[in-house]
Amino acid sequence: MSLHQRPHQKPPAPGDSLPFSSPSSAATPSRPLPLLTLPYLFSLLALLLFAALLLPWGPTRPSSVPGSPWRTYTLQEAAAFAAAAGNGTVLLAAVSRPYLPFLSNWLISVRRAGRADQVLVIAEDYETLDRINAAWPGHAVLVPPAPDAQTAHKFGSQGFFNFTSRRPRHLLQILELGYSVMYNDVDMVWLADPFPYIVGDHDVYFMDDMTPVKPLDHSHELPPPGKKGRTYICSCMIFLRPTEGAKLLLRKWIEELKEQPWSKQRKSNDQPGFNWALNKTAGQVDVYLLPQSAFPTGGLYFKNKTWVKETKGKHVIIHNNYITGFEKKIKRFRDHGLWLVEEHSDESPLGRI
């Protein structure tokens with residue numbers, strides 16, 4: 001039985017006798033109801049008033065029920081649940097309600113690779129927490145406080161910065177629990193299992209976010225800084241082992257986000273801070289750049305048809321970045337046969353969203 005699932009009582013089959021029924025009782029004529037006396041009416045009225053005071057007016061949504069068992073579900077419990085299925089490795093994603101279709105699309109591809117059981121979703125609002133766990137018990141957790149769900153989805157907004165800046169804290173907490181973790185943005189699609197590419201015993205693995213084509217045998221070292229004085233590694237896909245080097249990087253990432261907060265002039269996200277942390281801890285953290293042919297940025301995969309043909313069969317994870325807006329991302333996925341939720345929603349652990 002899955003975590004937090006309760007056994008359902010089997011309803012009586014047609015023809016089964018009910019425990020309070022018997023032939024003799026069925027044959028007994030019913031007694032007439034007592035007269036509706038004045039004391040009886042007063043008692044009934046008092047009972048109705050009492051019930052009206054206790055019960056809320058109108059139906060309540062599942063996300064607003066304070067008695068939901070998932071409100072007390074902790075990251076420690078959730079990580080242990082996911083890691084048990086992944087041999088000590090958690091596959092992490094973070095979403096708010098608007099991203100649920102992308103989460104479901106990503107999950108279909110992850111499930112096809114046989115990795116869905118080790119997925120843990122950080123829900124960034126209570127509605128998302130309850131909705132995921134109602135369909136897929138135990139696979140979502142909310143780490144309070146929840147950010148503003150109305151602004152967390154708009155790229156470049158302060159809400160989006162607040163949403164993404166929580167990421168290194170979540171990752172650090174999981175490492176402190178002793179688990180390895182792979183993080184993915186949910187606007188990604190798996191074409192194959194990425195874990196065979198986690199070779200060696202490095203602290204941190206990541207993909208480049210630059211579009212220039214690299215040779216197939218390119219270096220796996222941290223690339224040199226670009227024009228802004230830092231590298232351009234994507235914070236969208238990271239694998240970390242529970243080592244001191246990986247923890248050092250995450251703590252530095254958290255520091256960088258504090259030192260470079262969002263402003264109307266900068267409108268930044270978490271990725272510049274991640275790159276500054278990589279550059280400032282260079283030599284202290286054992287890092288590994290994943291092969292571009294397997295983990296291309298969206299600016300390369302969706303815009304360089306020649307490269308896609310030359311590297312056909314090598315692609316592992318496709319990131320739908322270098323484009324903003326839900327509808328534009330969906331259209332691009334659909335145009336390339338990667339929007340799976342429309343025809344394959346039955347393969348998603350969440351069902352149809």
Residues clustering with Tyr322 (ILVMFWY side chains joined when closer than 4.5 Å, directly or via others): Met210, Tyr232
Separation between CD1 of Ile132 and CH2 of Trp70, rounded to the nearest 0.5 Å: 11.5 Å
Near-ring test His315/Phe295, centroid separation under 6.0 angstrom: no
Cationic N near anionic O, under 4.0 Å, Asp201 to Arg241: yes
Val287 side chain near Glu221 side chain, heavy-atom distance below 4.5 Å: no
Centroid-centroid under 6.0 Å between Phe333 and His336 rings: no
NZ/NE/NH1/NH2 to OD/OE distance under 4.0 Å, Arg169 and Glu255: no
Chi angles and distances behind the salt bridge (Lys or Arg N to Asp or Glu O under 4.0 Å) call for Glu256, Lys280: CA-CA 10 Å; Glu256 291 296 321; Lys280 292 180 181 181; 3.0 Å; yes
Ring geometry between Trp136 and His139 (parallel below 30°, tilted from 30 to 60°, perpendicular above 60°): parallel
Sequence-distant partners of Asp193, side-chain hydrogen bond (donor to acceptor under 3.5 Å, both in side chains), two or more places apart: Arg115
Minimum side-chain heavy-atom gap Leu142-Ile122 below 4.5 Å: no
Close aromatic pair by centroid cut-off 6.0 Å: Trp339 and Phe102: yes
Spacing of CG belonging to Leu216 relative to CD belonging to Glu310, to within rounding of 0.5 Å: 9.0 Å
Heavy-atom donor-acceptor pair, Asn321 side chain to Gly298 backbone, under 3.5 Å: yes
Test: Arg166 and Glu124 ion pair at under 4.0 Å: yes
Any residue meeting salt bridge (charged side-chain N to carboxylate O under 4.0 Å, His left out) with Asp187, in chain and number order, not counting sequence neighbours: Lys329
Salt bridge flag under 4.0 Å for residues Lys214 and Asp208: yes
Basic-acidic side-chain contact under 4.0 Å: Asp130, Arg71: yes
Parallel, tilted or perpendicular: ring planes of Trp190 versus Trp106, cut at 30 and 60 degrees: perpendicular
